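Inspection log for the structure reproduced underneath, given as structure tokens.
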Amino acid sequence: ETITLTGNGFETENANYVTIEGFNIQNSSGHGIFVGHNGADQSENHHVIIRNNRISGSYSTGITLRGSKDSRIEFNEIFDNGKCSGSTNCADSGITVVWRDTGAIRAKRNVIANNLVYSNGSGYPENGDGIAIETGTEDTTVQGNAVFQNYDDGIDASIGGGNCNSNTTNLNAMIIENLVFNNGGADPGDGEGIKVSTNCGGNHKIYYNVSFNNKLGGTNEDVSDLTAPGNLYYNNTVYGNQSANNRAGITIDHRTTSPLSRYPKIRNDLSYGNLGNGDIFFNNFPTSGIKVSESYFSNNFFTTTRNLDNAFSWGSDYYNSANASFRSWSGNPNFSGPNLLPYPATLITIPSSGTVQQKLDSIRNQTKNLFGLQSTSTAIDKGTLISGSHCSQSDDVNPNQTNCYHWKGIKPDIGAFEFSGTVQPVVCGNGSIEGTEQCDQGNNNQTNGDGCSSTCQIETGWSCTGTPSVCNRNPV
């Protein structure tokens with residue numbers, strides 16, 4: 001049985017091993033659910049579970065964990081909160097995890113999983129995130145949520161760099177397997193899909209998310225702290241983001257003085273059809289003097305070779321147009337769904353009834369039907385095996401591995417969805433780059449010596465682009 005509370009939510013202090021479950025909280029005059037401290041009490045909150053609640057219309061944040069440890073927020077539906085957005089001191093996200101500044105009590109090892117978080121925030125600039133991982137947090141997991149139509153960013157793990165110290169850092173967030181779409185309101189600075197920074201912290205892991213049709217970029221990070229580790233971006237699908245305000249599908253903003261240890265690692269990401277600065281944009285990066293290895297940047301997929309060249313200007317050796325040495329790809333990834341730019345906001349239908357799990361399943365199935373790979377996709381088997389992320393063996397050899405991301409075929413696929421069907425045989429000469437082909441001119445590709453060999457490999461001294469491939473000799 002669901003209990004409805006109107007006008008007041010929950011506020012708990014010194015709450016340990018407590019479960020809050022099965023409430024419908026409407027129009028709270030403060031937070032929907034608040035776990036933490038507002039006074040001088042130095043005790044900690046830990047092992048609080050907030051599960052299967054419906055929270056809407058709160059003046060402030062839907063759910064806040066303040067200085068909590070080892071707590072879980074799961075299977076909640078959190079929407080239309082943050083009615084205080086006209087105030088500069090407003091806390092108006094759907095879910096917020098933050099330290100308790102009095103006593104410097106950090107929030108650690110909290111989990112936000114399998115929630116529906118949408119339509120939060122009502123108009124104050126830079127406020128109204130779906131999920132906000134803020135100052136003084138550590139080892140936060142954000143997994144399997146659907147986050148959409150929020151006024152500011154979908155998931156924001158970015159904090160300012162001022163007064164950064166060991167208490168205020170935001171470290172080691174795991175942002176994985178989330179669906180983030182249609183975020184961004186009227187203000188020019190609002191609307192990233194997933195926003196992280198290493199201004200005061202870092203070492204965030206951004207894996208297997210799908211971020212699409214957000215107002216600004218699909219993912220965005222900026223850096224000023226030169227001591228924290230870099231972030232990891234693996235196997236994300238980033239599509240059709242509007243990329244307003246000088247953004248791109250993937251935007252990385254660094255100081256030119258950043259040491260190599262501060263650089264992000266971007267591997268197996270599929271960024272396609274993004275507007276503005278395109279699929280990937282590096283700002284303030286040196287254009288010479290640094291050559292990162294393929295362990296930092298490789299096996300990604302973009303719309304055009306322009307995006308490859310944009311990344312190459314960073315100094316990465318993953319792609320060299322002079323000798324046609326490819327470790328990343330461009331072209332049409334052949335998604336399962338229609339190739340619409342931009343995607344209409346109504347393309348994902350949000351179920352009006354059912355449990356949170358049923359609604360999540362529907363949204364996940366619709367998203368996979370849009371961004372899964374067809375059997376002809378060039379992105380199949382083009383990824384690289386990443387230690388600590390992927391299983392060590394293909395499911396074709398050993399399907400029973402645990403605590404790792406499964407894959408099939410020769411190598412993992414690029415993007416968030418591993419193709420699980422039967423891959424069509426590679427045909428050299430059909431004008432489409434498939435399998436291990438580097439080029440394909442069509443016309444059965446019978447001739448050697450024209451840049452693309454009879455086995456669809458780029459010949460020495462040539463560069464080939466497009467489908468069907470057009471090949472030209474490299475300048476001497």
Side-chain angles (χ1 to χ4, degrees), residues 8-21 23 25 28-51 53 55 58-74 76 78 81-82 84 89-113 115 117 120 127 129-143 145 155-175 196-197 199-204 225 228:
N8 292 291
F10 280 93
E11 183 168 328
T12 67
E13 295 189 12
N14 304 328
N16 304 317
Y17 297 98
V18 171
T19 298
I20 303 171
E21 182 171 8
F23 289 91
I25 301 173
S28 170
S29 58
H31 301 266
I33 297 175
F34 179 90
V35 177
H37 297 278
N38 281 319
D41 192 333
Q42 299 292 312
S43 58
E44 297 182 355
N45 298 273
H46 57 84
H47 293 92
V48 176
I49 298 175
I50 303 172
R51 177 193 294 142
N53 300 285
I55 304 170
S58 303
Y59 179 79
S60 190
T61 297
I63 298 175
T64 295
L65 297 181
R66 189 166 183 245
S68 184
K69 294 179 172 61
D70 300 300
S71 295
R72 296 184 66 89
I73 301 172
E74 59 186 13
N76 301 281
I78 304 163
N81 299 285
C84 63
N89 295 317
C90 177
D92 63 349
S93 298
I95 299 173
T96 294
V97 179
V98 65
W99 73 328
R100 184 188 177 217
D101 51 352
T102 303
I105 298 174
R106 290 173 60 79
K108 296 183 179 181
R109 300 179 301 276
N110 297 295
V111 176
I112 303 169
N115 300 281
V117 187
N120 296 285
N127 283 342
D129 299 320
I131 299 173
I133 311 303
E134 297 189 355
T135 302
T137 58
E138 188 172 337
D139 298 324
T140 307
T141 297
V142 182
Q143 181 174 13
N145 304 280
I155 299 172
D156 188 347
S158 173
I159 62 175
N163 194 29
C164 183
N165 57 57
S166 59
N167 292 321
T168 60
T169 53
N170 175 347
L171 291 168
N172 310 332
M174 290 279 294
I175 302 173
V196 299
S197 76
N199 283 327
C200 185
N203 196 38
H204 305 311
D225 177 16

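Just so we're clear, the structure is a prediction, and the values are computed from it rather than from any experiment.
Residue T168 comes nearest to W99 through the heavy atom pair CG2-CH2, 3.6 Å, listed as atom of the first residue, atom of the second, then distance. The nearest pair of heavy atoms linking S29 to N8 is OG-OD1, 4.0 Å. Nearest heavy-atom pair across S71 and H46 is OG-C, 4.0 Å. Between N110 and V97, the closest heavy-atom pair is ND2-CG1, 4.0 Å.
The closest side-chain donor-acceptor pair between N45 and S68, if any, does not fall under 3.5 angstrom. Between the side chains of N170 and T137, at least one donor N or O sits under 3.5 Å from an acceptor N or O.
For the pair D139/K108, no side-chain contact is recorded, criterion being any heavy-atom separation below 4.5 Å from C-beta on. Within the 4.5 Å cutoff, side-chain heavy atoms of C200 are placed close to those of T169. N115 has its side chain out of reach of I63: every pair of non-hydrogen atoms, C-beta onward, lies at least 4.5 Å apart. Residues E134 and T96 meet the side-chain proximity criterion, which asks for heavy atoms closer than 4.5 Å. A heavy-atom distance below 4.5 Å is not found between the side chains of V18 and T12. I50 is listed as a side-chain neighbour of L65, based on a closest heavy-atom distance under 4.5 Å. The closest side-chain heavy-atom distance from E74 to I49 is below 4.5 Å.
Looking only at distances, no side-chain donor or acceptor of N76 sits under 3.5 Å from a matching main-chain atom of I55. The main-chain N or O of S58 is never found under 3.5 Å from a side-chain atom of S28 such that the two would form a donor-acceptor pair. Side chain of N81 to main chain of N120: no donor-acceptor pair is present (N/O by atom type, distance under 3.5 Å, no hydrogens or angles). K69 contributes a side-chain N or O that, together with a main-chain N or O of R106, makes up a donor-acceptor pair within less than 3.5 Å.
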### Message
Please evaluate residues I175 and I133 with respect to the criterion side-chain contact (heavy atoms from CB on, under 4.5 Å), reporting the C-alpha separation (whole Å), side-chain torsions for both, the decisive distance (0.1 Å), and the verdict.
### Response
CA-CA 10 Å; I175 302 173; I133 311 303; 5.9 Å; no
### Query
Step by step, would you call N16 with H47 a side-chain contact (heavy atoms from CB on, under 4.5 Å)?
CA-CA 6 Å; N16 304 317; H47 293 92; 5.8 Å; no
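Taking CD1 from I131 and CD1 from I95, the interatomic distance works out to 4.5 Å, rounded to the nearest 0.5 Å.
A salt bridge links D70 with R109: at least one charged nitrogen is closer than 4.0 Å to a carboxylate oxygen.
In this structure, the ring of H31 has its center no less than 6.0 angstrom from the ring center of Y59.
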